[in-house]
Amino acid sequence: MSPITVVEGRRLSLTNLDKVLYPGTGTTKGEVLHYCTTTADALLPHLHDRPVSFLRYPDGPDGQRFFTKNVPPGAPSWVKSCEVPHSRSGPARQVLLQDLASLVWAANLVVELHTPQWTCGAPGMADRLVFDLDPGAPATVVECCAAARWLRDRLAADGLFAYVKTSGSKGLHLVVPVEPTPADRTTAYARTLAVEAGAALGDLVTHKMTRALRPGKVFVDFSQNAAAKTTATVYTLRARATPTVSTPVTWDEVAGCTEPGQLTFLFDEIAGRRERYGDLHAPLLSPARARPVPRGDRRPV
């Protein structure tokens with residue numbers, strides 16, 4: 001019989017807590033749930049009012065994985081949701097993880113958490129701008145760091161603040177707080193900077209998705225700014241060989257990275273990092289840090 005727990009007054013059935021999800025580290029589902037509950041105070045504010053898409057991997061990263069945007073069957077009635085427009089299929093309802101009970105319910109499904117750059121109150125009006133830096137082997141996160149620093153400085157020239165985190169996979173994410181802006185404009189601006197990065201760092205960077213162009217280079221993916229796209233949420237566990245986390249890092253760590261292991265963080269390292277640094281992405285939650293997005297065709301001063 002599955003154990004029943006009460007979280008903030010909500011009864012939850014937690015299943016298969018001893019199941020090993022990450023064989024390489026022996027990490028169990030119970031440990032994953034513990035991570036989510038102990039990180040909730042940092043994670044939940046970044047999820048607030050953002051419709052969540054789930055990458056589910058109930059049998060671990062080596063098992064079946066499937067992406068879902070709709071509210072999963074059997075979701076408790078108290079789990080909040082919002083209507084999200086979709087250009088092809090019409091509006092759909094997606095989950096909102098607004099509280100600890102909802103987060104624990106989602107974690108019990110074994111999921112990566114992905115969110116758009118806008119909130120449910122203003123679909124398609126981005127309040128964040130993102131760059132996903134994806135290295136093509138033999139390039140690694142070390143090369144991503146060089147591209148990230150160039151983009152940080154370029155954004156600063158336009159008065160924008162960039163915050164950086166590991167993707168939890170191979171690369172880095174740059175996240176920028178912006179004043180609410182239509183997603184097509186944030187995408188156009190991000191594309192302009194990606195093209196500029198390719199011109200300035202031609203041997204290192206490409207803005208083109210064509211895989212034949214990407215070996216040995218960092219792909220600066222600006223497309224996740226599109227209204228229909230999502231990005232792995234800060235602090236989410238990833239469906240990788242080991243329980244890696246999309247982890248906020250400092251710019252000093254980026255500047256000092258000389259090998260990939262320096263910017264790879266497992267779930268049991270996050271509490272210590274938060275104790276040392278706090279939530280490095282907390283400024284993203286402050287409207288005071290948001291700045292207007294320049295037009296997509298603007299050039300550096």
| Does any non-hydrogen side-chain atom of Pro177 lie less than 4.5 Å from one of Arg291? | no
| message | A quick test of your reading: do over 12 heavy atoms of other residues, nucleotides or ligands sit less than 6.0 Å from NZ of Lys208? | response | no
| query | Side chains of Asp99 and Ser102: do they bring a donor and an acceptor to under 3.5 Å? | reply | yes
| message | Do Leu280 and Phe161 sit in one hydrophobic cluster, given that two such residues count as connected whenever their side-chain heavy atoms are within less than 4.5 Å of each other, even indirectly? | response | no
| query | Do the numbers put Arg128 on top of the ring of Trp118, so that NZ or CZ is under 6.0 Å from the six-membered ring centre and no more than 45° off the axis? | reply | no
| Residue pair Arg50, Cys120: steps toward the side chain to side chain contact (heavy atoms under 4.5 Å, CB included) verdict | CA-CA 6 Å; Arg50 296 184 191 273; Cys120 61; over 6 Å; no
| Does a side-chain heavy-atom distance below 4.5 Å link Thr187 with Phe222? | yes
| request: Evaluate the side-chain proximity of Pro292 to Val178: yes if any heavy-atom separation is below 4.5 Å, no if none is. | output: no
| note | Note: Gly171 and Cys144 closest approach over all heavy atoms is CA-SG, 4.1 Å
| said: Consider side chain to side chain contact (heavy atoms under 4.5 Å, CB included). Of Leu14, Thr5, Leu103, Leu12, which one does Asn108 pass it with? | reply: Leu14
| field | Exercise: do Ser53 and Lys69 side chains pair donor with acceptor under 3.5 Å | value | yes
| task | List the atom of Leu174, the atom of Ala162, and the distance in Å for their closest heavy-atom pair. | result | CD2-CB, 4.3 Å
| To the nearest 0.5 Å, how far apart are CG in Leu151 and CG in Leu133? | 6.0 Å
| said: Contact between Pro135 and Val142 at the side-chain level, heavy atoms closer than 4.5 Å - yes or no? | reply: no
| message | If you apply the rule side chain to side chain contact (heavy atoms under 4.5 Å, CB included), what do you find for Leu155 with Val176, and how did you get there? | response | CA-CA 9 Å; Leu155 288 158; Val176 182; 3.8 Å; yes
| task | Might you point out which heavy atoms bring Pro283 and Asp279 nearest each other, and give the distance in Å? | result | CD-O, 4.2 Å
| Do Leu113 and Val79 share a hydrophobic cluster, counting only Ile, Leu, Val, Met, Phe, Trp and Tyr and linking them when any side-chain heavy atoms are less than 4.5 Å apart? | yes
| query | Is there side-chain contact between Val220 and Thr206, with at least one heavy-atom pair below 4.5 Å? | reply | no
| request: Output yes when Arg154 and Glu196 qualify as a salt bridge under the 4.0 Å nitrogen-oxygen rule, no when they do not. | output: yes
| Nearest heavy-atom pair of Arg10 and Ala101: which atoms, and what distance? | CG-CB, 3.7 Å
| field | Any donor-acceptor pair under 3.5 Å from Glu112 side chain to Phe54 backbone | value | no
| Pick from Thr242, Thr27, Thr247: which one makes a side chain to side chain contact (heavy atoms under 4.5 Å, CB included) with Leu266? | Thr242
| task | Evaluate the criterion side chain to side chain contact (heavy atoms under 4.5 Å, CB included) for residue pair Val249 and Thr166; output intermediate values, then yes/no. | result | CA-CA 7 Å; Val249 295; Thr166 69; 4.0 Å; yes
| Are side-chain heavy atoms of Ile270 and Tyr235 found at a separation under 4.5 Å? | yes
| query | Is it the case that Gln224 and Thr231 place a side-chain donor and acceptor less than 3.5 Å from each other? | reply | yes
| request: Any chance you could measure Phe131, atom CZ, to Leu193, atom CG, to the nearest 0.5 Å? | output: 4.5 Å
| said: Counting C-beta onward and ignoring hydrogens, is there a side-chain heavy-atom pair between Leu96 and Val52 closer than 4.5 Å? | reply: no
| Main-chain N/O of Val293 paired to Arg185 side chain as donor or acceptor, under 3.5 Å | yes
| request: Determine, stepwise, if the pair Arg65 / Asp59 fulfils salt bridge (Lys or Arg N to Asp or Glu O under 4.0 Å). | output: CA-CA 8 Å; Arg65 297 190 285 183; Asp59 295 316; over 6 Å; no
| message | We want to know whether Asn225 and Tyr189 form a side-chain donor-acceptor pair, criterion being a heavy-atom distance below 3.5 angstrom. | response | no
| request: Looking only at non-hydrogen atoms, find the nearest pair between Ser167 and His173 and report the distance. | output: CB-NE2, 3.5 Å
| message | One pair to check against side-chain hydrogen bond (donor to acceptor under 3.5 Å, both in side chains): Tyr163 and Arg289. What are the steps and the verdict? | response | CA-CA 11 Å; Tyr163 299 88; Arg289 303 298 282 179; 3.0 Å; yes
| Ser13 (side chain) donor-acceptor with Ile4 (main chain) under 3.5 angstrom | no
| task | Check whether Leu237 and Trp105 end up in the same hydrophobic cluster, where Ile, Leu, Val, Met, Phe, Trp and Tyr are linked by side-chain heavy atoms less than 4.5 Å apart. | result | yes
| said: I'd like to know if the side chain of Thr186 reaches the main chain of Ala183, judged simply by a donor and an acceptor atom lying under 3.5 Å from each other, with no hydrogens or angles considered. | reply: yes
| request: Answer with yes or no whether the side chains of Arg93 and Ser81 bring together a donor and an acceptor at under 3.5 Å. | output: yes
| NE2 on His34 to CD on Glu31, rounded to 0.5 Å | 9.0 Å
| query | Would you find a donor on one side and an acceptor on the other, under 3.5 Å apart, between the side chain of Ser286 and the backbone of Leu284? | reply | no
| note | In this structure, NZ of Lys217 is separated from CG of Asp203 (nearest 0.5 Å) by 6.5 Å
| field | Closest non-hydrogen atom pair between His114 and Ala232, with its separation | value | ND1-N, 3.5 Å
| message | If hydrophobic clusters are built by linking Ile, Leu, Val, Met, Phe, Trp and Tyr wherever their side-chain heavy atoms come under 4.5 Å apart, do Val218 and Val130 end up in the same one? | response | no
| Should the pair Asp221-Arg191 be classified as a salt bridge under the 4.0 Å nitrogen-to-oxygen rule? | no
| Can you check side chain to side chain contact (heavy atoms under 4.5 Å, CB included) on Cys36 and Leu43, steps first, answer last? | CA-CA 8 Å; Cys36 290; Leu43 173 56; 5.5 Å; no
| note | dist Thr230:OG1 -> Leu55:CG (nearest 0.5 Å) comes out at 9.5 Å
| Lys/Arg cation over aromatic Phe265: Arg273, 6.0 Å, 45° cone | yes
| Approximate separation, where rounding is to 0.5 Å, of His46 NE2 and Thr115 OG1 | 10.0 Å
| said: Strictly distance-based, threshold 3.5 Å: is any side-chain N or O of Thr244 a donor or acceptor partner for the main-chain N or O of Arg240? | reply: no
| query | Can you pull the side-chain hydrogen bond (donor to acceptor under 3.5 Å, both in side chains) pairs that have at least one residue in residues 35-45, sequence neighbours excluded? | reply | Asp41-Arg274
| said: Quick check against the 3.5 Å criterion: does Lys29 have a side-chain atom that pairs as donor or acceptor with the backbone of Thr15? | reply: yes
| message | Are Phe267 and Tyr277 connected into the same hydrophobic cluster when the rule is that any two of I, L, V, M, F, W, Y join if their side-chain heavy atoms are below 4.5 Å apart? | response | no
| field | 4.5 Å side-chain heavy-atom contact, Arg149 and Val254 | value | yes
